[in-house]
Amino acid sequence: MLLVATYSREARTSLRNAVRSHESAVIRRFGRAALLAETEFGAFLALRLRETHGADVQIERTSPLNEYAAVPEGVREAAAAYATREQPSTPYAKFAAGTDHPDPTTMRDREL
Amino acid sequence: MRAVGDSTDRAIDLRAASISVDAVREAIQRNHSTLRVDCPEPTRWWPSLGIPGDDTSALDRLVAAARSRGHHPPIERKLAAAQRELQEIAVERVDTEEPRRRLADAGTEVERLREEVATARGRLQSRREMGAATAEAEAALEDATRRLSEAETERVAAEQAHEAAQRRTREARKSRERRLRLQDRVANRRRDTRRALAASVADPFAAAAGSLPGEATLSLDPFGVEGDAVTAALAAARIADLRAPVIDTTGRFESAGAAADALDVPVVLL
(Lines give C-alpha, C1' and ligand atoms only; values in the text may rest on other atoms or scores of the structure.)
Protein backbone atom coordinates (compact mmCIF):
# COMPACT_ATOMS: atom_id res chain seq x y z
CA MET A 1 0.00 0.00 0.00
CA LEU A 2 1.04 3.63 -0.39
CA LEU A 3 1.08 5.70 2.76
CA VAL A 4 0.64 9.41 2.07
CA ALA A 5 1.20 11.74 5.03
CA THR A 6 0.88 15.51 4.81
CA TYR A 7 2.72 18.27 6.66
CA SER A 8 0.84 21.49 5.88
CA ARG A 9 -2.76 22.67 5.94
CA GLU A 10 -2.80 23.08 2.17
CA ALA A 11 -1.41 19.60 1.56
CA ARG A 12 -3.84 18.12 4.07
CA THR A 13 -6.78 19.78 2.33
CA SER A 14 -5.60 18.53 -1.07
CA LEU A 15 -5.26 15.00 0.31
CA ARG A 16 -8.77 15.15 1.75
CA ASN A 17 -10.16 16.31 -1.57
CA ALA A 18 -8.29 13.62 -3.49
CA VAL A 19 -9.47 10.95 -1.06
CA ARG A 20 -13.05 12.16 -1.26
CA SER A 21 -13.17 12.15 -5.05
CA HIS A 22 -11.34 8.84 -5.56
CA GLU A 23 -12.72 6.55 -2.89
CA SER A 24 -12.00 3.40 -4.85
CA ALA A 25 -8.26 4.12 -4.74
CA VAL A 26 -8.32 4.67 -0.98
CA ILE A 27 -7.90 1.83 1.48
CA ARG A 28 -8.00 3.82 4.70
CA ARG A 29 -7.91 7.48 5.60
CA PHE A 30 -6.62 9.04 8.79
CA GLY A 31 -6.55 12.70 9.85
CA ARG A 32 -3.79 13.97 7.65
CA ALA A 33 -2.69 10.71 6.10
CA ALA A 34 -4.18 8.01 3.92
CA LEU A 35 -3.39 4.54 2.71
CA LEU A 36 -3.82 4.30 -1.04
CA ALA A 37 -4.06 1.17 -3.13
CA GLU A 38 -0.73 0.08 -4.57
CA THR A 39 -1.83 0.67 -8.14
CA GLU A 40 -0.61 3.04 -10.81
CA PHE A 41 -3.60 5.21 -10.01
CA GLY A 42 -2.74 5.27 -6.31
CA ALA A 43 0.79 6.32 -7.25
CA PHE A 44 -0.62 8.91 -9.63
CA LEU A 45 -2.68 10.49 -6.84
CA ALA A 46 0.24 10.45 -4.43
CA LEU A 47 2.70 11.92 -6.92
CA ARG A 48 0.26 14.59 -7.98
CA LEU A 49 0.10 15.72 -4.34
CA ARG A 50 3.88 15.70 -4.04
CA GLU A 51 4.18 17.66 -7.27
CA THR A 52 1.91 20.37 -5.81
CA HIS A 53 3.11 20.43 -2.22
CA GLY A 54 6.70 19.20 -2.44
CA ALA A 55 8.22 18.03 0.82
CA ASP A 56 4.96 18.64 2.68
CA VAL A 57 3.88 15.29 1.26
CA GLN A 58 5.56 12.07 2.41
CA ILE A 59 5.01 8.91 0.41
CA GLU A 60 5.96 5.49 1.76
CA ARG A 61 5.42 2.07 0.34
CA THR A 62 4.11 -0.19 3.09
CA SER A 63 3.58 -3.91 3.38
CA PRO A 64 1.98 -5.99 6.13
CA LEU A 65 4.42 -7.34 8.70
CA ASN A 66 4.67 -11.12 8.89
CA GLU A 67 6.25 -11.46 12.28
CA TYR A 68 6.90 -15.18 11.73
CA ALA A 69 9.02 -14.37 8.71
CA ALA A 70 10.62 -11.09 9.78
CA VAL A 71 10.84 -10.95 13.57
CA PRO A 72 13.13 -13.19 15.66
CA GLU A 73 11.34 -15.61 17.95
CA GLY A 74 12.83 -14.05 21.07
CA VAL A 75 11.28 -10.70 20.27
CA ARG A 76 7.88 -12.22 19.55
CA GLU A 77 7.97 -14.18 22.78
CA ALA A 78 9.04 -11.11 24.74
CA ALA A 79 6.11 -9.14 23.33
CA ALA A 80 3.65 -11.87 24.21
CA ALA A 81 5.06 -12.32 27.72
CA TYR A 82 5.16 -8.58 28.42
CA ALA A 83 1.59 -8.05 27.18
CA THR A 84 0.34 -10.62 29.71
CA ARG A 85 2.61 -9.58 32.64
CA GLU A 86 1.15 -9.68 36.11
CA GLN A 87 2.26 -6.20 37.17
CA PRO A 88 0.94 -3.71 34.62
CA SER A 89 3.18 -0.96 36.04
CA THR A 90 6.46 -2.80 35.37
CA PRO A 91 8.46 -1.09 32.61
CA TYR A 92 9.79 -3.46 29.96
CA ALA A 93 13.47 -2.90 30.79
CA LYS A 94 12.84 -4.04 34.35
CA PHE A 95 10.62 -6.88 33.17
CA ALA A 96 13.37 -8.19 30.88
CA ALA A 97 16.22 -7.85 33.36
CA GLY A 98 17.53 -11.21 34.53
CA THR A 99 15.39 -13.16 32.03
CA ASP A 100 16.02 -14.53 28.54
CA HIS A 101 13.99 -11.69 27.02
CA PRO A 102 16.07 -9.27 24.94
CA ASP A 103 16.76 -5.90 26.54
CA PRO A 104 15.30 -2.84 24.80
CA THR A 105 18.65 -1.26 23.89
CA THR A 106 19.76 -4.37 22.04
CA MET A 107 16.48 -4.50 20.14
CA ARG A 108 16.76 -0.84 19.22
CA ASP A 109 20.12 -1.39 17.59
CA ARG A 110 19.08 -4.41 15.56
CA GLU A 111 17.33 -3.86 12.26
CA LEU A 112 14.72 -6.37 11.16
CA MET B 1 -15.89 67.45 -11.14
CA ARG B 2 -18.40 68.46 -8.58
CA ALA B 3 -21.23 66.00 -8.12
CA VAL B 4 -24.45 67.65 -7.26
CA GLY B 5 -27.30 65.61 -5.97
CA ASP B 6 -30.32 65.97 -3.80
CA SER B 7 -28.32 66.42 -0.66
CA THR B 8 -28.72 67.25 2.98
CA ASP B 9 -25.86 67.37 5.48
CA ARG B 10 -25.88 63.64 6.03
CA ALA B 11 -27.30 62.19 2.88
CA ILE B 12 -26.95 62.52 -0.85
CA ASP B 13 -28.91 60.76 -3.56
CA LEU B 14 -26.78 60.16 -6.65
CA ARG B 15 -29.00 57.56 -8.27
CA ALA B 16 -29.71 59.92 -11.18
CA ALA B 17 -26.09 61.05 -11.60
CA SER B 18 -24.66 57.91 -13.30
CA ILE B 19 -21.60 57.74 -11.07
CA SER B 20 -20.17 54.29 -10.42
CA VAL B 21 -19.89 52.72 -6.98
CA ASP B 22 -16.15 52.29 -7.58
CA ALA B 23 -15.75 56.00 -8.27
CA VAL B 24 -17.54 57.01 -5.07
CA ARG B 25 -15.64 54.37 -3.06
CA GLU B 26 -12.32 55.68 -4.39
CA ALA B 27 -13.38 59.24 -3.72
CA ILE B 28 -14.28 58.45 -0.10
CA GLN B 29 -10.93 56.68 0.26
CA ARG B 30 -9.17 59.74 -1.26
CA ASN B 31 -8.04 57.68 -4.27
CA HIS B 32 -10.01 59.32 -7.03
CA SER B 33 -8.35 61.89 -9.29
CA THR B 34 -11.38 64.05 -10.05
CA LEU B 35 -14.28 63.09 -7.78
CA ARG B 36 -14.27 64.39 -4.24
CA VAL B 37 -16.57 63.53 -1.37
CA ASP B 38 -16.47 66.01 1.49
CA CYS B 39 -16.33 63.72 4.50
CA PRO B 40 -14.01 62.69 7.31
CA GLU B 41 -11.38 60.11 6.39
CA PRO B 42 -12.83 56.60 6.69
CA THR B 43 -11.65 54.36 9.52
CA ARG B 44 -9.67 51.26 8.58
CA TRP B 45 -12.83 49.19 8.99
CA TRP B 46 -14.72 51.14 6.38
CA PRO B 47 -13.67 48.92 3.40
CA SER B 48 -15.37 45.92 5.05
CA LEU B 49 -18.51 47.81 6.03
CA GLY B 50 -18.95 50.90 3.87
CA ILE B 51 -20.76 49.19 0.99
CA PRO B 52 -23.52 46.93 2.38
CA GLY B 53 -24.33 45.73 -1.13
CA ASP B 54 -20.88 44.29 -1.93
CA ASP B 55 -19.87 40.66 -1.44
CA THR B 56 -18.07 40.93 1.92
CA SER B 57 -19.26 38.08 4.15
CA ALA B 58 -21.65 38.86 7.00
CA LEU B 59 -19.19 37.56 9.58
CA ASP B 60 -16.34 39.66 8.19
CA ARG B 61 -18.62 42.68 8.50
CA LEU B 62 -19.57 41.90 12.08
CA VAL B 63 -15.97 41.30 13.09
CA ALA B 64 -14.94 44.60 11.47
CA ALA B 65 -17.83 46.37 13.22
CA ALA B 66 -16.66 45.03 16.59
CA ARG B 67 -13.09 46.14 15.89
CA SER B 68 -14.28 49.58 14.81
CA ARG B 69 -15.90 49.89 18.23
CA GLY B 70 -12.54 49.18 19.84
CA HIS B 71 -13.13 45.64 21.04
CA HIS B 72 -9.99 43.61 21.78
CA PRO B 73 -10.86 40.17 23.11
CA PRO B 74 -8.14 38.60 25.32
CA ILE B 75 -7.81 35.63 22.94
CA GLU B 76 -6.34 38.06 20.41
CA ARG B 77 -3.06 38.14 22.32
CA LYS B 78 -2.84 34.36 22.13
CA LEU B 79 -3.50 34.56 18.42
CA ALA B 80 -0.65 37.04 18.00
CA ALA B 81 1.67 34.80 20.03
CA ALA B 82 0.87 31.78 17.85
CA GLN B 83 1.38 33.84 14.70
CA ARG B 84 4.78 34.99 15.96
CA GLU B 85 5.81 31.43 16.75
CA LEU B 86 4.70 30.28 13.33
CA GLN B 87 6.77 32.96 11.63
CA GLU B 88 9.87 31.90 13.52
CA ILE B 89 9.79 28.29 12.34
CA ALA B 90 12.43 27.51 9.77
CA VAL B 91 11.81 24.47 7.62
CA GLU B 92 14.81 22.91 5.90
CA ARG B 93 14.45 22.05 2.23
CA VAL B 94 15.94 18.64 1.50
CA ASP B 95 16.25 17.45 -2.08
CA THR B 96 15.19 13.82 -2.07
CA GLU B 97 14.33 13.59 -5.73
CA GLU B 98 17.89 13.47 -7.05
CA PRO B 99 18.99 10.71 -4.62
CA ARG B 100 15.88 8.64 -5.46
CA ARG B 101 16.49 8.94 -9.17
CA ARG B 102 20.20 8.18 -8.79
CA LEU B 103 19.47 5.06 -6.74
CA ALA B 104 16.87 3.81 -9.21
CA ASP B 105 19.22 4.42 -12.17
CA ALA B 106 22.10 2.69 -10.39
CA GLY B 107 19.91 -0.37 -9.71
CA THR B 108 18.80 -0.55 -13.33
CA GLU B 109 22.40 -0.25 -14.57
CA VAL B 110 23.59 -3.08 -12.28
CA GLU B 111 20.80 -5.36 -13.56
CA ARG B 112 21.63 -4.56 -17.15
CA LEU B 113 25.35 -5.22 -16.69
CA ARG B 114 24.70 -8.48 -14.86
CA GLU B 115 22.89 -9.72 -17.92
CA GLU B 116 25.69 -8.48 -20.14
CA VAL B 117 28.26 -10.36 -18.06
CA ALA B 118 26.15 -13.54 -18.21
CA THR B 119 25.84 -13.24 -21.97
CA ALA B 120 29.59 -12.62 -22.41
CA ARG B 121 30.37 -15.58 -20.17
CA GLY B 122 28.04 -17.81 -22.22
CA ARG B 123 29.65 -16.71 -25.44
CA LEU B 124 33.14 -17.42 -24.15
CA GLN B 125 32.00 -20.82 -22.91
CA SER B 126 30.52 -21.86 -26.22
CA ARG B 127 33.58 -20.66 -28.17
CA ARG B 128 35.76 -22.76 -25.88
CA GLU B 129 33.54 -25.77 -26.47
CA MET B 130 33.71 -25.23 -30.24
CA GLY B 131 37.48 -24.83 -30.00
CA ALA B 132 37.22 -21.37 -31.60
CA ALA B 133 39.46 -18.40 -30.85
CA THR B 134 38.56 -16.91 -27.46
CA ALA B 135 40.72 -13.81 -27.10
CA GLU B 136 38.02 -11.41 -28.16
CA ALA B 137 35.31 -13.08 -26.08
CA GLU B 138 37.62 -13.07 -23.07
CA ALA B 139 38.26 -9.36 -23.48
CA ALA B 140 34.52 -8.69 -23.78
CA LEU B 141 33.81 -10.62 -20.58
CA GLU B 142 36.59 -8.82 -18.79
CA ASP B 143 35.28 -5.48 -19.94
CA ALA B 144 31.70 -6.26 -18.91
CA THR B 145 32.83 -7.53 -15.52
CA ARG B 146 34.81 -4.38 -14.90
CA ARG B 147 31.87 -2.17 -15.81
CA LEU B 148 29.58 -4.25 -13.57
CA SER B 149 31.95 -3.78 -10.68
CA GLU B 150 31.96 -0.01 -11.27
CA ALA B 151 28.17 0.04 -11.42
CA GLU B 152 27.96 -1.88 -8.15
CA THR B 153 30.26 0.63 -6.51
CA GLU B 154 28.05 3.45 -7.80
CA ARG B 155 24.97 1.69 -6.44
CA VAL B 156 26.50 1.44 -2.97
CA ALA B 157 27.33 5.16 -3.11
CA ALA B 158 23.79 5.92 -4.32
CA GLU B 159 22.31 3.86 -1.48
CA GLN B 160 24.35 5.80 1.06
CA ALA B 161 23.38 9.14 -0.43
CA HIS B 162 19.74 8.05 -0.47
CA GLU B 163 19.84 6.98 3.16
CA ALA B 164 21.50 10.24 4.18
CA ALA B 165 18.81 12.22 2.35
CA GLN B 166 16.10 10.12 4.00
CA ARG B 167 17.59 10.82 7.41
CA ARG B 168 17.72 14.56 6.78
CA THR B 169 14.16 14.47 5.46
CA ARG B 170 12.96 12.75 8.62
CA GLU B 171 14.66 15.43 10.69
CA ALA B 172 13.13 18.19 8.57
CA ARG B 173 9.69 16.63 8.97
CA LYS B 174 9.84 17.33 12.67
CA SER B 175 9.83 21.05 12.01
CA ARG B 176 7.19 20.65 9.32
CA GLU B 177 5.08 18.77 11.82
CA ARG B 178 5.53 21.57 14.33
CA ARG B 179 4.65 24.14 11.71
CA LEU B 180 1.44 22.29 10.87
CA ARG B 181 0.47 22.20 14.55
CA LEU B 182 1.06 25.94 14.78
CA GLN B 183 -0.88 26.59 11.58
CA ASP B 184 -3.80 24.76 13.14
CA ARG B 185 -3.42 26.68 16.37
CA VAL B 186 -3.39 30.01 14.53
CA ALA B 187 -6.50 28.99 12.59
CA ASN B 188 -8.32 27.94 15.77
CA ARG B 189 -7.39 31.10 17.62
CA ARG B 190 -8.34 33.24 14.66
CA ARG B 191 -11.75 31.59 14.67
CA ASP B 192 -12.06 32.06 18.44
CA THR B 193 -11.03 35.70 18.11
CA ARG B 194 -13.61 36.30 15.43
CA ARG B 195 -16.25 34.55 17.49
CA ALA B 196 -15.37 36.66 20.54
CA LEU B 197 -15.48 39.85 18.48
CA ALA B 198 -18.86 38.95 17.02
CA ALA B 199 -20.15 38.03 20.48
CA SER B 200 -19.08 41.41 21.82
CA VAL B 201 -21.48 43.17 19.43
CA ALA B 202 -24.24 40.54 19.48
CA ASP B 203 -26.70 42.74 21.39
CA PRO B 204 -26.30 45.96 19.40
CA PHE B 205 -26.35 43.87 16.21
CA ALA B 206 -29.63 42.22 17.18
CA ALA B 207 -31.12 45.61 18.05
CA ALA B 208 -29.93 47.13 14.76
CA ALA B 209 -31.24 44.21 12.72
CA GLY B 210 -34.56 44.51 14.54
CA SER B 211 -34.87 48.14 13.52
CA LEU B 212 -34.30 47.38 9.82
CA PRO B 213 -36.47 45.65 7.25
CA GLY B 214 -35.72 41.92 6.83
CA GLU B 215 -34.37 39.46 9.36
CA ALA B 216 -30.82 38.54 10.33
CA THR B 217 -29.59 36.71 13.42
CA LEU B 218 -26.12 35.97 14.69
CA SER B 219 -25.41 32.44 15.90
CA LEU B 220 -22.24 31.77 17.88
CA ASP B 221 -22.39 27.99 17.74
CA PRO B 222 -22.38 27.09 14.93
CA PHE B 223 -20.71 30.38 14.17
CA GLY B 224 -22.57 32.23 11.43
CA VAL B 225 -25.14 34.81 10.46
CA GLU B 226 -28.49 33.50 9.32
CA GLY B 227 -31.22 35.25 7.43
CA ASP B 228 -31.10 38.15 5.02
CA ALA B 229 -27.53 39.05 4.04
CA VAL B 230 -28.46 42.63 3.14
CA THR B 231 -30.18 43.20 6.48
CA ALA B 232 -27.10 41.80 8.23
CA ALA B 233 -24.81 44.07 6.19
CA LEU B 234 -26.91 47.16 6.95
CA ALA B 235 -27.10 46.29 10.65
CA ALA B 236 -23.32 45.81 10.81
CA ALA B 237 -22.83 49.21 9.15
CA ARG B 238 -25.25 50.78 11.62
CA ILE B 239 -23.39 49.58 14.71
CA ALA B 240 -19.90 50.28 13.34
CA ASP B 241 -17.82 53.38 13.80
CA LEU B 242 -17.08 54.31 10.19
CA ARG B 243 -16.77 58.13 10.24
CA ALA B 244 -17.11 58.22 6.42
CA PRO B 245 -20.45 57.71 4.66
CA VAL B 246 -21.94 54.37 3.70
CA ILE B 247 -22.52 53.78 0.01
CA ASP B 248 -25.97 52.25 -0.14
CA THR B 249 -26.79 50.26 -3.27
CA THR B 250 -29.27 47.90 -1.64
CA GLY B 251 -32.45 49.67 -2.74
CA ARG B 252 -33.90 49.15 0.74
CA PHE B 253 -34.55 52.83 1.39
CA GLU B 254 -36.74 55.31 -0.38
CA SER B 255 -34.44 58.24 0.08
CA ALA B 256 -30.91 58.99 1.14
CA GLY B 257 -32.31 60.69 4.20
CA ALA B 258 -34.27 57.59 5.22
CA ALA B 259 -31.16 55.48 4.76
CA ALA B 260 -29.05 57.87 6.84
CA ASP B 261 -31.65 57.82 9.60
CA ALA B 262 -31.91 54.02 9.58
CA LEU B 263 -28.16 53.47 9.48
CA ASP B 264 -27.31 56.34 11.81
CA VAL B 265 -24.48 57.37 9.49
CA PRO B 266 -24.10 59.66 6.44
CA VAL B 267 -25.20 57.89 3.27
CA VAL B 268 -24.50 58.14 -0.44
CA LEU B 269 -27.43 56.53 -2.22
CA LEU B 270 -26.48 54.90 -5.52
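Within every chain, numbering begins at 1; the chains are lettered A, B, ... in the order of the sequence lines, protein sequences first and strands thereafter. Here the structure is a predicted model, which is why all the values come from computation and not from measurement.
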Report the residues that fulfil salt bridge (charged side-chain N to carboxylate O under 4.0 Å, His left out) with B/Asp143, sequence neighbours left out, ordered by chain and then residue number.
B/Arg146, B/Arg147
Answer key: most heavy-atom pairs under 4.5 Å with chain B among A/Ala11, A/Gly54, A/Ala55, A/Ala5 is A/Ala55
Do you see a donor-acceptor pair shorter than 3.5 Å between the side chains of B/Asn188 and B/Arg191?
yes
May I ask you to decide whether B/Glu109 forms a salt bridge with B/Arg112, counting only side-chain N to carboxylate O separations under 4.0 Å?
yes
Check: A/His53/A/Ser14 side-chain N/O donor and acceptor closer than 3.5 Å:
yes
Return the option, out of B/Glu97, B/Arg93, B/Glu177, with the maximum number of heavy-atom pairs under 4.5 Å with chain A.
B/Glu177
Chain A contact via B/Asp184 - side chain, backbone, both or neither, heavy atoms under 4.5 Å
both
Checking heavy atoms, do the side chain of B/Arg170, its backbone, both or neither come under 4.5 Å from chain A?
neither
Which bit of B/Arg178 comes within less than 4.5 Å of chain A, counting heavy atoms only: side chain, backbone, both or neither?
neither
Can you tell me if A/Arg85 has over 12 outside heavy atoms packed within less than 6.0 Å of its CZ?
yes
